[in-house]
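Comments concern the structure below.
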Amino acid sequence: MGFKDIEIFNQALLAKQVWRILEDQSSLFGRFLKSRYFPKRNFLLAKLGNRPSFAWRTILYGRDLLLKGLRHMISNGEFIYVWSTPWIADGDRMHISLMKKFLIDLNLRVKDLMLPNSHLWNMDKLNDLFYPQDIAIMIKIKPVISSEDFYCWNHTRSGEYSVRSGYWFADKVENKEAFVAGTILPSINVSKITYGLWIQLRISKFSFGRLSVEHF
């Protein structure tokens with residue numbers, strides 16, 4: 001299958017298990033995890049907690065990858081908060097809309113941006129709260145008010161997570177992070193370092209010789 005990095009492959013494999021839990025949280029395993037680790041929280045927001053099992057640690061490790069590539073799909077907008085959830089798609093990246101106003105309602109949900117009992121956007125409210133570039137993306141979304149919001153994987157055409165796409169995405173993220181770290185570090189000019197050391201050695205040799213002559 002072309003997987004070269006075993007650590008990235010393991011994380012992509014674990015993310016597949018997390019995807020299954022996300023798709024069916026009513027499963028026996030999903031209900032067990034909820035009762036033990038996040039009885040009052042959303043699975044994607046669950047914390048490591050006290051005395052976590054090895055299995056729970058590995059699940060969260062896989063979840064770290066999945067979270068980076070998940071996309072919120074708007075249906076009725078009931079459970080997606082406008083100012084705290086990355087729900088606007090910009091290529092393969094999800095982001096939170098820029099705030100046009102200084103004072104905002106943190107409890108504003110996507111459903112509040114629609115006309116009452118309608119799947120149509122409230123354009124007056126959109127123009128009042130958002131910048132044109134985000135509005136252009138929002139109005140392309142076609143809400144389905146009869147269905148609940150759901151997640152999809154942003155790196156396959158079907159929206160279904162696969163180990164192959166997860167591996168590709170994780171490898172891409174890791175290489176990008178390594179590139180950014182490399183640009184932050186100061187560049188090293190070997191010729192300058194070599195010349196600098198040569199100058200220092202010459203100075204040291206000259207000083208030592210002068211001290212020796214004066215001493216005698």
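Everything numeric here is computed off the predicted structure, so don't read it as measured data. Side chains included, hydrogens not; waters and symmetry mates left out as well; all remaining heavy atoms used.
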Which word best sums up how the rings of W153 and H155 line up, parallel for under 30°, tilted for 30 to 60°, or perpendicular for over 60°?
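Rings of W153 and H155: perpendicular, as their planes differ by over 60°.
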Ring-plane angle category for F43 and F38, please: parallel below 30°, perpendicular beyond 60°, tilted otherwise.
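Tilted: the ring planes of F43 and F38 meet at 30° to 60°.
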So N122 and M114, do their side chains get closer than 4.5 Å, heavy atoms only?
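When only atoms from C-beta onward are counted, N122 and M114 do not touch, as no gap falls below 4.5 Å.
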Could you check whether any side-chain heavy atom of V173 comes within less than 4.5 Å of a side-chain heavy atom of L65, counting everything from C-beta outward?
no
Is there a chain of hydrophobic side chains (I, L, V, M, F, W, Y, each step under 4.5 Å between heavy atoms) that links F130 to M99?
yes
ILVMFWY cluster, Y81 and Y151 together (side-chain gap under 4.5 Å)
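Per the 4.5 Å side-chain linkage, Y81 and Y151 are not co-clustered.
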Least distance between heavy atoms, [X] atom then [Y] atom:
X    : Y    : result
T156 : S162 : CG2-OG, 4.1 Å
I80  : M73  : CD1-O, 4.3 Å
Q25  : I21  : CG-O, 3.0 Å
L129 : L113 : CD1-CD2, 4.1 Å
I141 : P143 : O-CD, 3.2 Å
A12  : Y167 : CB-N, 3.6 Å

Could you tell me whether the side chains of S75 and D149 share a donor-acceptor contact shorter than 3.5 Å?
no
With sequence neighbours excluded, what pairs up with K40 under the salt bridge (charged side-chain N to carboxylate O under 4.0 Å, His left out) test?
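Scan of K40 (salt bridge (charged side-chain N to carboxylate O under 4.0 Å, His left out), adjacent residues dropped) gives none.
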Give every residue pair that meets the ring pair (Phe, Tyr, Trp, His ring centres under 6.0 Å) criterion with at least one member in residues 104-129, sequence neighbours excluded.
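Found none.
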Just how far is it from atom [atom1] of [X] to atom [atom2] of [Y], taken to the nearest 0.5 Å?
X    : Y    : atom1 : atom2 : answer
L33  : S27  : CG    : OG    : 8.0 Å
D171 : E174 : CG    : CD    : 6.5 Å
D112 : N107 : CG    : CG    : 9.5 Å
I74  : K142 : CD1   : NZ    : 13.5 Å

Would you call D134 and K100 a salt bridge, taking side-chain N to carboxylate O under 4.0 Å as the test?
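Salt bridge: no.
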Please tabulate, for the side chains in residues 44-58, all donor-acceptor contacts under 3.5 angstrom to protein atoms that are two or more places apart in sequence or on a different chain.
unit_1: S53; atom_1: OG; unit_2: Y37; atom_2: OH; d: 2.9
unit_1: S53; atom_1: OG; unit_2: W56; atom_2: N; d: 3.2
unit_1: W56; atom_1: NE1; unit_2: K47; atom_2: O; d: 3.3
unit_1: W56; atom_1: NE1; unit_2: L48; atom_2: O; d: 3.2
unit_1: T58; atom_1: OG1; unit_2: F54; atom_2: O; d: 3.4
unit_1: T58; atom_1: OG1; unit_2: A55; atom_2: O; d: 2.6

